[in-house]
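Worksheet: the structure to be examined is printed underneath.
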Amino acid sequence: MRTASDVILRLTSDPARCGLVMDFDGVLAPIVDDPSASALLPGAEEVLATLSRHFGVVGLLSGRPASFLRERLSLDSVVLMGSYGVETWTENGIEVLPAVAAFSDAVAEAEAELRRLFDSQSVPGIHVESKGLAVAVHWRRAADRAVAQRLVEAATTEIASRTGLRREPGKLVEELRPPVEEDKGTGLLRAIATAGVDVVAYAGDDRGDLPAFAAVLASGGEALVVKGDDIAPEVAAVDGVQFDGPPAFLDWMKELAAHLER
Ligand SMILES: O=P(O)(O)OC[C@H]1O[C@H](O[C@H]2O[C@H](CO)[C@@H](O)[C@H](O)[C@H]2O)[C@H](O)[C@@H](O)[C@@H]1O
């Protein structure tokens, strides 16, 4: 079984040919009730700056919009890929994969319908999140999460079949996003190819990370699983090194940075 120390040794043997790509929520930022209050752990930005001075690529690959990632992390040396990899922050603005544009009306229609259903607070604790290229509905703050989940899933199933959007489940959230053949796996492979690196480690915590875990393992890299209260069984079962939550993952990154600085 591989250990966190094994991964440090591997990534530090030839850092310029290696990389570290990470999810945001539940990996670099602890899970919180209010999605808009999510923030990097204190000290994470400094570590990311150090890692990016040594590695061929350091990146964030998140279900969040690229603009959200940039608000939380303003380091130019870290690649920011948002909306499951379909958008990338660049110095000239946000680049969006062209296939996604065709679905902007469908996303607007889905958001309007979800807000009509859930914004009235007739079901307290269900919250619609605007994401630009997608829309998400959360039930973490619902008193009865099981009831809320059933209501949300019924709504997203119906709206997905009507609009052609794709359902993306996460931790106490369902998202509707464009049905393009893009996910964190294709996003990660693009980042590896762009950087021209040989070995990458990918850190994630949720079902949206499964394609990236599959891609990183298939490419001979390292899967880093950050555990938390709401971890899905299929994520907990990923063949990778496990961390007990974002603070433990940050401690590992600090150790990795210290090795690189020696
Ligand atoms: O790919 P990620 O960076 O992990 O983003 C996935 C989703 O994260 C956010 O929701 C999750 O985190 C929230 C804040 O901690 C939490 O309240 C929520 O229950 C989690 O599901 C975000 O709001 C979603 O849009 C992202 O898709």
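These numbers come from a predicted model, not from an experiment.
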Non-hydrogen atoms of [X] and [Y] that approach each other most closely:
{"X": "Pro246", "Y": "Val226", "result": "N-CG1, 3.7 Å"}
{"X": "Ala160", "Y": "Leu176", "result": "CB-CD2, 3.8 Å"}
{"X": "Ala155", "Y": "Leu114", "result": "CB-CD2, 4.2 Å"}
{"X": "Phe55", "Y": "Cys18", "result": "CB-O, 3.6 Å"}
{"X": "Leu210", "Y": "Val238", "result": "CD2-CG2, 3.8 Å"}
{"X": "Asp205", "Y": "Gly26", "result": "OD2-CA, 3.5 Å"}

Polar side-chain atom of [X] near backbone of [Y] as donor-acceptor pair, under 3.5 Å:
{"X": "Thr156", "Y": "Glu153", "value": "yes"}
{"X": "Lys131", "Y": "Glu175", "value": "no"}
{"X": "Arg190", "Y": "Gly85", "value": "yes"}
{"X": "Arg53", "Y": "Glu261", "value": "no"}
{"X": "Ser83", "Y": "Val86", "value": "no"}
{"X": "Asp144", "Y": "Ala146", "value": "yes"}
{"X": "Trp252", "Y": "Ala4", "value": "yes"}
{"X": "Ser130", "Y": "Gly132", "value": "no"}
{"X": "Asp183", "Y": "Thr186", "value": "yes"}
{"X": "Asp206", "Y": "Lys171", "value": "yes"}

Quiz item: So His127 and His138, would you call those rings parallel, tilted or perpendicular, with 30° and 60° as cut-offs?
Solution: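 Tilted, since the angle between the ring planes falls between 30° and 60°.
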
Practice problem: Classify the side-chain pair Ser36/Asp34 by whether it contains a donor and acceptor separated by less than 3.5 Å. | Solution: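 Ser36 vs Asp34: donor-acceptor pair found between side chains.
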
Exercise. Indicate whether any N or O donor in one side chain lies under 3.5 Å from an N or O acceptor in the other, for Thr163 and Glu109.
Key: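 Short answer, no.
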
Practice problem: Would you mind reporting whether Arg207 and Val235 have side-chain heavy atoms less than 4.5 Å apart? | Solution: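 With C-beta onward as the side chain, the pair touches.
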
Practice problem: May I ask you to decide whether Glu168 forms a salt bridge with Arg166, counting only side-chain N to carboxylate O separations under 4.0 Å? | Solution: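 Yes.
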
Quiz item: Between Arg64 and Glu71, is there a side-chain N and carboxylate O pair less than 4.0 Å apart?
Solution: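 No, Arg64 and Glu71 are not salt-bridged.
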
Quiz item: What pairs with Arg2 under side-chain hydrogen bond (donor to acceptor under 3.5 Å, both in side chains), at least two apart in sequence or on another chain?
Solution: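 Counting only residues at least two positions away or on another chain, Arg2 forms a side-chain hydrogen bond (donor to acceptor under 3.5 Å, both in side chains) with Glu222.
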
Quiz item: Can the positive tip of Arg177 be found less than 6.0 Å from the middle of the six-membered ring of Tyr84, inside 45° of the ring normal?
Solution: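 That pair qualifies as a cation-pi contact.
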
Quiz item: Under the side-chain hydrogen bond (donor to acceptor under 3.5 Å, both in side chains) criterion, do Tyr202 and Asp23 qualify, and how do the steps go?
Solution: CA-CA 8 Å; Tyr202 180 77; Asp23 180 32; 4.7 Å; no

Quiz item: Shared ILVMFWY cluster between Phe24 and Leu250, side chains joined below 4.5 angstrom?
Solution: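 Cluster IDs for Phe24 and Leu250 match.
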
Quiz item: Run the salt bridge (Lys or Arg N to Asp or Glu O under 4.0 Å) check on Lys184 and Asp209 step by step: do they pass?
Solution: CA-CA 6 Å; Lys184 288 193 182 183; Asp209 298 307; 2.8 Å; yes

